[in-house]
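Notes follow the structure.
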2 protein chains.
Amino acid sequence: MPAASDDIRNTAPDRISEAEHTVMEALWQRSPLTALEICEEVCSRRDWSLATVKTLLSRLVVKQAVETKPDGRRFLYTPLLEKSDYTGSESRRLVDRLFGGRAAPLFAQLAESEALTENDLAEMEALLRELRK
Amino acid sequence: MPAASDDIRNTAPDRISEAEHTVMEALWQRSPLTALEICEEVCSRRDWSLATVKTLLSRLVVKQAVETKPDGRRFLYTPLLEKSDYTGSESRRLVDRLFGGRAAPLFAQLAESEALTENDLAEMEALLRELRK
DNA sequence: GAATTCAGTTTACAACTGTAATCGTATCAT
DNA sequence: ATGATACGATTACAGTTGTAAACTGAATTC
């Protein structure tokens, strides 16, 4: 293995917080967006001010989860982090942390707390059949 | 609806943090335990000192997730929060936050990120058959 | 009974979060 | 040009979390 100059890319990928995730959701839905447009999407729902969205955006830029393109005097924000990467790693984290990495107990738990709809069951059955092919 | 004196019981149930959860796991496995016994279970794995475990335990007491019984000069700690309550609410939180409350997409996501073992699939099939009965 | 030890309690302190308000400046309108 | 605006950047500040060291008082030991 290479020695020095190997510590490049050693950046532990910086968790995205819940509030930041809300902003990411808006961008995953549609992008690029301005800070104001994002606020229009989320501010009333979360009872946030525009300033809050701006703070979250700058933190997301630092975490390299979004990218900015100047557009006149403002910025257009585009997601760099992909939604499926985020949901994938968060889901796996939970399964690891709470269920020792095994997925079935998670769904057993959801079933037990009545978090599974008829629809969920059907979709999961279909998916399983698909995975079996 | 009743007016004053209604704000009793308004205690939002205080999240358990990840580090605290590690301590809970030890107690769910076997209880009651002393702080030292808990440390024996988790300290080396998490690279913690006994002091850290003690801090986490006192926070868990404040959050009413564990209870203490004096035993001579030390305490025996017993979980009050049940494991399934914790895993249930954490799981539902994740499903709500990331997948709009639907479980099937979570399953799809785990499949896509190759987080499902052959064993998981088999268990899932069994679980779904069970839920169908 | 005095010294030591050991347990919980209190205090510490930096990083991360949630939630903004304020500042500085590049543009837009007049 | 000039003053008002509208941006992003900087600063703020309290609460939570991770990680522990210091303190205090009771129990054990000699």
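In what follows, chains are A, B, ... by sequence order, proteins preceding strands, each numbered from 1.
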Non-hydrogen side-chain atoms of L57(A) and V23(A) separated by less than 4.5 Å: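 SC-SC contact between L57(A) and V23(A) confirmed.
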Round to a whole Å and report the spacing from [atom1] of [X] to [atom2] of [N].
X	N	atom1	atom2	result
K54(B)	dA22(D)	NZ	P	14 Å
H21(A)	dT19(C)	NE2	C1'	19 Å
E20(A)	dG18(C)	CD	C1'	10 Å

Atom CG of D47(A) with >12 non-hydrogen neighbours under 6.0 angstrom: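 No, because the 6.0 Å sphere around CG of D47(A) holds 12 heavy atoms or fewer from other groups.
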Look at the side chain of [X] and decide which nucleotide, out of [options], has an atom nearest to it.
X	options	answer
R46(A)	dA27(D), dT19(C), dG8(D)	dT19(C)
W48(A)	dG8(D), dC28(C), dA20(C)	dA20(C)
S49(B)	dG8(D), dT17(C), dA20(D)	dA20(D)

Determine: side-chain N/O of [X] to OP1/OP2 of [N], distance under 4.0 Å, yes or no.
X	N	result
T52(A)	dA20(C)	yes
S17(B)	dG18(D)	yes
K63(B)	dT17(D)	yes

Check: D120(B) side chain, R102(A) main-chain N or O, donor-acceptor pair, under 3.5 Å: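 Here the side-chain-to-backbone pair does not exist.
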Mutual orientation of the aromatic rings belonging to Y86(A) and H21(A) [parallel < 30°, tilted 30-60°, perpendicular > 60°]: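 Parallel.
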Which residue lies more 5' along DNA chain C, comparing F75(B) with E18(A) via nearest heavy atoms: F75(B)
Nearest-nucleotide comparison on DNA chain C, the residue closer to the 5′ end among G72(A) and S58(B): S58(B)
So what does [X] hit on the nucleic acid, given a heavy-atom distance under 4.0 Å: a base, only sugar-phosphate, or nothing?
X	answer
A51(B)	base
D71(B)	nothing
R73(A)	base

Nearest-nucleotide 5' precedence on DNA chain D, R59(A) against L76(A):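 Result: L76(A).
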Presence of donor-acceptor pair under 3.5 Å, side chain of T55(A) and base of dA20(C): yes
Option among L50(A), V66(A), L33(A) that satisfies the side-chain contact (heavy atoms from CB on, under 4.5 Å) test with I38(A):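 Of the listed options, the one satisfying the test is L33(A).
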